[in-house]
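Working notes, structure below.
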Amino acid sequence: MRFDTLSLSASAALLFLSSSSQFTQAYILPPHAIPAPGLVARQEPVASAVNSTFIACLKPLGAKVLQRKTAGFEKERYAFDLRYTYNPEVVVMAASAADVQVAVKCAKASNVPVAPRSGGHSFEGYSIGGQDGSLVLDLSGLNSVKVTGSGATAEAKVGSGVRLGPLYLALFNQGGWTLNGGTCPSVGVGGHTLGGGFGLLSRKYGLLIDSLLEIEVVNADGNLVTASKTQNQDLFYALRGAGGGSYGVVTSFTYRPIKPAAKATSFTYNWPLSQASAVLKAYVEFQPTASRDIGVEMNVAPDGLMMYGIYQGTKADQATAMASFLTAAGKPKSSDVREGRYIDGQLRFAYIYNDPKDINALGLTGGYKPGDSRYTKGKSLVYPSVLKTSTINLLKKWGAKTPSGGTANYIIVDIWGGAVQDHSADETAFIHRDAHTVFEFVSEWDENPDWMNDMYAEFLTDFKANYGPVRGYQNYIDKDMPNWQDAYYGSAITRLKQIKKSVDPGNVFRFPQSIPLP
Ligand SMILES: Cc1cc2nc3c(=O)[nH]c(=O)nc-3n(C[C@H](O)[C@H](O)[C@H](O)COP(=O)(O)OP(=O)(O)OC[C@H]3O[C@@H](n4cnc5c(N)ncnc54)[C@H](O)[C@@H]3O)c2cc1C
């Protein structure tokens with residue numbers, strides 16, 4: 001499937017970069033797009049076999065309940081990833097925490113698994129259940145963002161169906177605030193926060209979970225409870241890193257918002273792949289001493305290497321902060337460094353427009369270029385130390401290869417460190433505090449995922465030889481991850497299973513990679 005074909009249909013919301021295009025090219029996906037006819041073969045939903053007691057129980061929710069073969073269901077059963085053809089039993093379009101409570105109680109009584117959906121970006125379709133027969137709880141109606149207080153005690157209460165773009169815009173409009181999440185505007189706060197949440201402010205302020213003060217969550221009994229450092233502490237621990245879909249349905253997050261620097265400098269640098277060895281070596285060696293004001297990511301693809309990021313400060317200070325890296329990396333083919341407000345950088349790297357002018361575009365309320373869903377696969381590796389030459393050589397080798405039958409492949413190399421490491425590995429369920437560098441491998445293809453599998457096998461062999469136990473980032477969830485419980489949660493898995501037993505002994509919140517009962 002080619003992007004240019006895909007881009008003929010649909011309306012809003014997710015960036016992807018194509019190896020056959022410039023890095024700055026935007027590809028925008030709709031939240032739950034219906035593929036254009038003829039592009040995708042899908043299973044038709046079969047008539048519901050669920051018992052009438054379940055449906056009767058949901059009756060108080062009225063038209064918010066979409067059953068198979070009823071109007072609106074077809075549109076809502078899609079994930080952005082076209083690999084998935086799961087058929088939920090029902091989709092509930094929740095408009096309040098009370099709706100969520102009704103739905104969870106009914107699901108529990110009829111033993112139907114519950115799949116909460118915030119932004120719908122799960123790489124394995126887990127917010128449509130990851131299997132047939134779930135109750136999908138769409139949370140897009142829980143969309144409020146409210147900042148109260150000021151200064152160091154300000155709080156931002158955010159509905160769990162809010163997406164990152166609208167979140168950043170609403171925070172900006174309520175006093176120039178922001179948060180330390182990722183760049184893609186259509187990713188939902190729900191899944192993103194509960195799996196950690198890394199973004200361009202994380203080296204300075206930590207992960208999104210590190211900004212959390214309180215979480216409201218509907219538990220397996222259908223009760224609305226609060227988890228924080230003083231209430232339901234075990235649940236608060238588990239939700240921060242292992243929370244996606246396993247312990248309850250989060251209805252709101254309360255964060256400590258961040259006031260970014262008055263002036264911020266966004267930047268891109270491009271190098272040809274022929275310079276990859278020097279650039280990547282300089283990049284990973286830069287990590288430990290790099291200023292925390294530098295938030296940066298690097299894409300490796302057949303087009304070459306593109307570094308992009310935002311510095312908290314002026315253009316002159318950015319040049320000083322990056323000087324040692326740039327000298328070691330070698331002269332870029334091109335660069336584009338712009339001083340402005342932090343939100344201008346956020347908009348720029350939301351990839352909504354090549355030359356963004358209107359910050360209101362972050363609201364995802366319209367005005368987007370066409371795009372579409374696609375077949376995609378994501379994988380990850382979390383490196384605990386500076387990369388060895390063998391790993392850099394693999395990046396160079398696989399970055400240069402275009403998959404046969406596919407349209408895009410790239411590897412995103414993020415240097416972490418900084419404030420991510422200010423928290424101990426057992427403070428939250430997010431264990432990768434020592435991460436030096438994190439890779440996200442992304443492949444998009446017509447029908448042949450072998451490229452991804454062959455590449456990942458080589459990286460795994462190299463990892464095992466050089467870095468110890470294999471680790472992956474749970475927000476890039478991958479059903480093929482070897483020993484996924486260890487890779488995502490390490491030794492925390494024992495505690496996480498115990499917490500699961502105490503809050504959800506009936507396993508209401510289950511999908512193929514949910515935290516299991518002990
Ligand atoms: C284009 C793209 C860009 C990305 N960029 C980044 C990035 O910069 N940094 C980063 O760290 N990650 C990034 N990710 C990964 C992203 O953080 C995860 O895919 C995340 O899980 C998506 O959250 P979501 O709410 O959109 O997804 P969903 O599919 O809605 O949810 C993901 C999982 O969380 C569960 N869940 C969702 N909402 C709730 C809730 N309210 N209560 C309980 N469980 C819930 C779902 O059931 C599912 O299991 C990116 C992903 C994509 C596709």
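Bear in mind that the values here come from a model prediction, so they are computed numbers and not experimental data. In what follows, residues are counted from 1 in the order of the sequence shown.
Remark: the Thr183 side chain and the Tyr308 side chain contain no N/O donor-acceptor pair separated by less than 3.5 Å. Side-chain polar atoms of Glu155 and Thr254 form no donor-acceptor pair below 3.5 angstrom. In the model, Tyr86 has no side-chain atom that pairs as donor or acceptor with a side-chain atom of Ser134 under 3.5 Å.
Here CG of Leu66 is found 13.0 Å from CD of Glu89. Values are rounded to the nearest 0.5 Å. Rounded to the nearest 0.5 angstrom, Asn453 CG and Phe441 CZ are separated by 12.0 Å. The distance from the CD1 atom of Ile209 to the OH atom of Tyr255 is 10.5 Å, given to the nearest 0.5 Å.
The two atoms that bring Tyr488 and Gln513 nearest to each other are CE1-NE2, 4.0 Å, heavy atoms only. Residues Pro260 and Tyr342 share a closest heavy-atom pair of CB-CB, 3.6 Å. Leu137 and Ala94 make their closest contact through CD2-CB, 4.0 Å (heavy atoms, listed as atom of the first residue, atom of the second, distance). Between Val102 and Cys57, the shortest heavy-atom distance links the atoms CG1-O, 4.3 Å. Closest approach of Val503 and Ala220 over heavy atoms only: O-CB, 3.6 Å. Closest approach of Ile477 to Glu124, counting heavy atoms only: O-CG, 3.5 Å.
When atom types are taken as modelled, the side chain of Gln101 and the backbone of Val218 share no donor-acceptor pair closer than 3.5 angstrom. A donor-acceptor pair under 3.5 Å links the side-chain atoms of Lys500 to the main chain of Ser246, judged by distance alone. Side chain of Asn180 to main chain of Leu201: no donor-acceptor pair is present (N/O by atom type, distance under 3.5 Å, no hydrogens or angles). Not a single donor-acceptor pair under 3.5 Å links the side chain of Arg203 to the backbone N or O of Gly295. No donor-acceptor pair closer than 3.5 Å links the side chain of Asp221 to the backbone N or O of Asn223. Remark: side-chain polar atoms of Tyr456 are paired, donor with acceptor, to backbone N or O of Ser380 under 3.5 angstrom. A distance-only check finds no donor-acceptor pair linking the side chain of Ser443 to the backbone of Met452 [under 3.5 Å]. Looking at Gln287, its side chain does come within 3.5 Å of a backbone N or O of His436 through a donor-acceptor pair. In terms of modelled atom types and a separation under 3.5 Å, the side chain of Asn475 and the main chain of His192 share a donor-acceptor contact.
In this structure the side chain of Arg495 never reaches within 4.5 angstrom of the side chain of Tyr489, judged on heavy atoms. Under the 4.5 Å side-chain criterion, counting only non-hydrogen atoms from C-beta, Thr428 is not in contact with His423. Contact annotation: the side chain of Val145 never approaches that of Pro166 to less than 4.5 Å [non-hydrogen atoms, C-beta and beyond]. By the 4.5 Å heavy-atom criterion applied to side chains, Val217 and Val249 are not counted as neighbours. At least one side-chain heavy atom of Phe349 sits less than 4.5 Å from a side-chain heavy atom of Leu200. With contacts defined as side-chain heavy-atom distances shorter than 4.5 Å, the pair Pro185/Arg163 does not qualify. Between Phe73 and Val91 the shortest side-chain heavy-atom distance falls below 4.5 Å. Side chains of Val300 and Trp398 form no contact here, defined as non-hydrogen atoms less than 4.5 Å apart.
We find that Arg433 and Asp210 are joined by a salt bridge, their nearest charged nitrogen and carboxylate oxygen being less than 4.0 Å apart. Using a 4.0 Å cut-off between charged nitrogen and carboxylate oxygen, Asp478 and Lys377 count as a salt-bridge pair. Using a cutoff of 4.0 Å between basic side-chain nitrogens and carboxylate oxygens, Arg292 and Asp422 are scored as salt-bridged. By the 4.0 Å N-to-carboxylate-O rule, Arg117 lies close enough to Glu76 to be salt-bridged with it.
Between Tyr383 and Phe463, the ring-plane angle classifies as tilted under the 30° and 60° cut-offs. Ring planes of Tyr473 and Trp416: perpendicular class, angle over 60° (limits at 30 and 60°). In this structure, Phe430 and His432 have perpendicular ring planes: the angle between them is above 60°, well past the 30° mark.
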* Please test Leu179 against Leu208 for side chain to side chain contact (heavy atoms under 4.5 Å, CB included), starting from the C-alpha separation and ending with a verdict. => CA-CA 7 Å; Leu179 271 167; Leu208 202 42; 4.0 Å; yes

* Please assess Asp414 against Glu440 for the test side chain to side chain contact (heavy atoms under 4.5 Å, CB included), listing each intermediate value before the final yes or no. => CA-CA 8 Å; Asp414 292 342; Glu440 180 190 4; 5.9 Å; no

* Take Leu496 and Tyr237, measure what side chain to side chain contact (heavy atoms under 4.5 Å, CB included) needs, and give me the verdict at the end. => CA-CA 9 Å; Leu496 289 170; Tyr237 163 86; 3.9 Å; yes

* How far apart are the C-alpha atoms of Ile515 and Phe509, what are their side-chain angles, what is the distance that settles it, and do they pass the side chain to side chain contact (heavy atoms under 4.5 Å, CB included) test? -> CA-CA 9 Å; Ile515 303 295; Phe509 302 108; over 6 Å; no

